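Note sheet for the following structure.
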Protein chains: 2
Amino acid sequence: MATSSKPALPVIRRLPKYYRYLVNMQQSGKKNVSSSELSKIMGTTASQVRQDFNCFGGFGQQGIGYKVDTLVTEIRHLLFGDGQPLPTILVGAGRLGTAVSQFLMRDANGYSLLAAFDNNPQLVGKTLNDIPIRHVDELRSFCSQHHPQVAVLCLPREGATQLSSTLVELGVKGFWNFSHYDLSVDYPQVMVENVHLGDSLMSLGYHMRNL
Amino acid sequence: MATSSKPALPVIRRLPKYYRYLVNMQQSGKKNVSSSELSKIMGTTASQVRQDFNCFGGFGQQGIGYKVDTLVTEIRHLLFGDGQPLPTILVGAGRLGTAVSQFLMRDANGYSLLAAFDNNPQLVGKTLNDIPIRHVDELRSFCSQHHPQVAVLCLPREGATQLSSTLVELGVKGFWNFSHYDLSVDYPQVMVENVHLGDSLMSLGYHMRNL
DNA sequence: TTATCTTTGACAAACATTTGACAAATATAG
DNA sequence: CTATATTTGTCAAATGTTTGTCAAAGATAA
C-alpha cells in the first residue's frame with residue numbers, strides 16, 4: 001500500500017530491464033506474473049523484485065502476483081512521464097551519430113528527434129532518416145525557435161565542452177553524451193548521461209583476462 | 001603493501017575511468033598525483049581512491065602521492081593483460097556495426113578486429129575501414145581457422161541467440177552485445193557485456209522528469 | 001637537525017543494498 | 001466450508017560499499 005519513499009538509484013537502474021521483460025510478456029499475452037517468476041528471468045531474487053515494486057507503491061495481489069499490464073503502465077509512466085516525447089536534437093552526424101539517430105527513431109520511446117547538426121559541409125543538407133542535417137551555425141537560431149530539451153552529443157571531445165554550455169544557455173535540460181570524456185555540467189537542473197563504450201569494453205577485457 | 005584480496009565489482013567498474021584520467025595526466029606530463037586531487041576530478045572521495053588502489057597493492061608514497069606512470073602501467077595491465085590484443089570479430093555490419101567497428105579500431109585498446117560478417121548480400125564484399133565484410137555462412141570456417149576470442153554482436157535480436165551458441169562452440173570467450181536483449185550464455189567461462197543504449201536513455205528520461 | 005606539512009595505508013564506523021523470514025491475503029482443491 | 005497452496009508487503013538481519021580518522025612515513029623549510 002504505497003510506502004512511497006523515493007526509490008534508490010539501483011532500483012531506478014533496474015527499471016528499464018523490468019520494462020523490457022514486462023513488455024515482452026505483455027506482447028505474448030501473459031496477464032500475471034509473480035515476483036519469483038520475474039526474479040528468475042531477471043537473474044535476481046524474488047525479494048528484490050517485491051521490494052523494488054514497493055518503492056512505487058505495491059500493485060501486487062497476494063495469492064496472484066502482479067498484473068503485467070499494471071506494471072507496464074506504472075513503469076512506463078515513471079520512465080516516460082505522461083507520454084509527451086522529449087524534443088531532441090542530435091549534434092554530430094558521423095557514423096556514430098547516424099547509428100544513434102536510427103536507434104532513437106526506430107527503437108526508443110519517449111523522444112522525438114527534431115534535427116541533426118554537423119560542421120562537416122559534406123554532410124550538411126543531407127538527411128538522416130528524414131531528418132535534415134543542418135550546419136552547427138544554425139544551432140542557436142534553431143534552439144531559440146524549437147526549444148529542444150535533450151541533446152545527443154556524437155562529436156569529438158574537443159567541441160563538446162563548449163557546445164554543452166551553449167546548449168544549456170539555450171534551454172537544453174538533458175544530455176546523452178557519446179563523446180569520449182565525462183561531460184559534467186554545473187547547472188543543477190541539467191542531467192547528463194555519459195555513455196562510455198570504451199569503459200564497457202574495458203570491463204569485458206578485465207573479466208575475460210581475470211577469470 | 002599488496003593487501004591483495006580480489007577487488008569488488010564497483011572498484012573494477014571504476015578502473016576504466018581512472019585509466020582515462022590518468023592517461024590524460026600522463027600525456028600532459030604530470031608525474032605525481034595525490035588521492036585528493038584524483039578524487040576531485042573523479043567526483044568521489046580521496047578515501048575511496050586510496051582504498052581502490054589498495055585492492056591491487058598500494059603503489060603510493062606517503063608525502064608524495066602516486067606516480068602517474070606506475071598507476072597507468074598497473075591499471076593497463078589489469079585491463080589489457082600483457083598487451084596481446086584479443087582477436088575479435090564483428091557480426092552485423094549495419095550502421096551500428098559500422099560505428100562500433102570504427103570505435104574498436106580508432107579508439108579502443110586491447111582488441112584487434114579480424115573480420116566482419118553480415119547476411120545482407122549488398123554489404124558482403126565491401127570493406128569496413130580495411131576489414132572485409134564476409135557472409136555469415138563463412139563464420140564457421142573462419143573461426144575454425146582464426147580462433148577469434150571476442151565477438152561483437154550488432155545484429156537484430158532474432159539472430160543473436162542462436163548465433164551466440166554457435167560462436168561459443170567455435171571458441172569465442174567473450175561477447176560485446178549490442179542486440180536489444182540480454183544475452184546470457186550458460187557456459188561459465190564465457191563473459192558477456194550487454195550494452196543497452198535504451199536503458200541508458202530511459203534512465204536519462206527518468207531523471208529529467210523526476211527532478 | 002628539528003619542526004611542520006603532506007599524504008598514504010589501515011581500520012572502524014556509517015551508510016546502503018540485498019536477502020531471508022513470516023504474517024496476512026487471496027486463490028484453489030477437497 | 002475448511003484446509004492447503006501461493007504470493008504479497010514488511011521488517012529485520014546479513015552483506016556490501018563508502019567514508020572518516022589517525023598513526024606512520026616521507027618531504028620541505030628553517
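Chain letters run A, B, ... following the sequence lines, proteins first, then strands; residues in each count from 1. Because only heavy atoms are used, hydrogens play no part in the values below, and waters and symmetry mates are left out as well, while side chains stay in. Here the structure is a predicted model, which means the values were calculated and not measured.
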What's the [atom1]-[atom2] distance between [X] and [N], to the nearest Å?
X     : N      : atom1 : atom2 : result
B:I64 : D:dA25 : CD1   : P     : 15 Å
A:F59 : D:dT7  : CZ    : C1'   : 16 Å
B:F53 : C:dT7  : CZ    : C1'   : 14 Å
A:L9  : C:dT18 : CG    : P     : 10 Å
A:D52 : C:dT19 : CG    : P     : 10 Å

Looking at [options], which one has an atom nearest to any side-chain atom of [X]?
X     : options                : value
A:Q48 : C:dT18, D:dT21, C:dT26 : C:dT18
B:Q61 : D:dT19, D:dG26, D:dA12 : D:dG26
A:Q51 : D:dT21, D:dA12, D:dT18 : D:dA12
B:R50 : D:dC22, C:dA21, C:dT17 : D:dC22

Pairwise distance [atom1]([X]) to [atom2]([Y]) - rounded to 0.5 angstrom:
X      : Y      : atom1 : atom2 : answer
A:R95  : B:T98  : CZ    : OG1   : 6.5 Å
A:L113 : A:T88  : CG    : OG1   : 6.5 Å
A:Q149 : A:C143 : CD    : SG    : 11.5 Å

Does [X] pair with [Y] as a salt bridge, N-O distance under 4.0 Å?
X      : Y      : value
A:K17  : B:D199 : no
B:E37  : B:K30  : yes
B:E169 : B:R140 : yes
B:D182 : A:R20  : yes

Margin query: Just N and O in the side chain of A:N54: are any of them under 4.0 Å from OP1 or OP2 of D:dT8?
Written below: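 Result: no.
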Checklist line | Check: B:R209 side chain, A:F80 main-chain N or O, donor-acceptor pair, under 3.5 Å | finding: yes
Next item on the list: Look at all strands and tell whether B:Y66 reaches a base, only sugar-phosphate, or nothing, counting heavy atoms closer than 4.0 Å.
Entry: sugar-phosphate
Next item on the list: Check every strand shown and say whether A:T45 touches a base, only sugar-phosphate, or nothing at a heavy-atom separation below 4.0 Å.
Entry: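 Since only primed, P, OP1 and OP2 atoms lie under 4.0 Å of A:T45, the category is sugar-phosphate.
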Check: Is there a donor N/O on one and an acceptor N/O on the other, under 3.5 Å, for the side chain of A:Q62 and the base of D:dT8?
Finding: yes
Item checked: Estimated bend of the helix from C:dT1-D:dA30 to C:dA25-D:dT6 (axis per five terminal pairs, rounded to 10 degrees) ->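 That helix has its two terminal axes inclined by roughly 10°.
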Next item on the list: Tell me whether C:dA10 sits syn or anti, counting syn as a glycosidic angle within 90° of 0.
Entry: anti
Margin query: Please give me every residue in residues 13-35 of chain B whose heavy atoms get under 4.0 Å of an atom in DNA chain D, ordered by residue number.
Written below: B:R14
Notebook entry, point to check: For the residue pair B:F103 and A:H180, is the inter-centroid distance of their aromatic rings smaller than 6.0 Å?
Noted result: yes
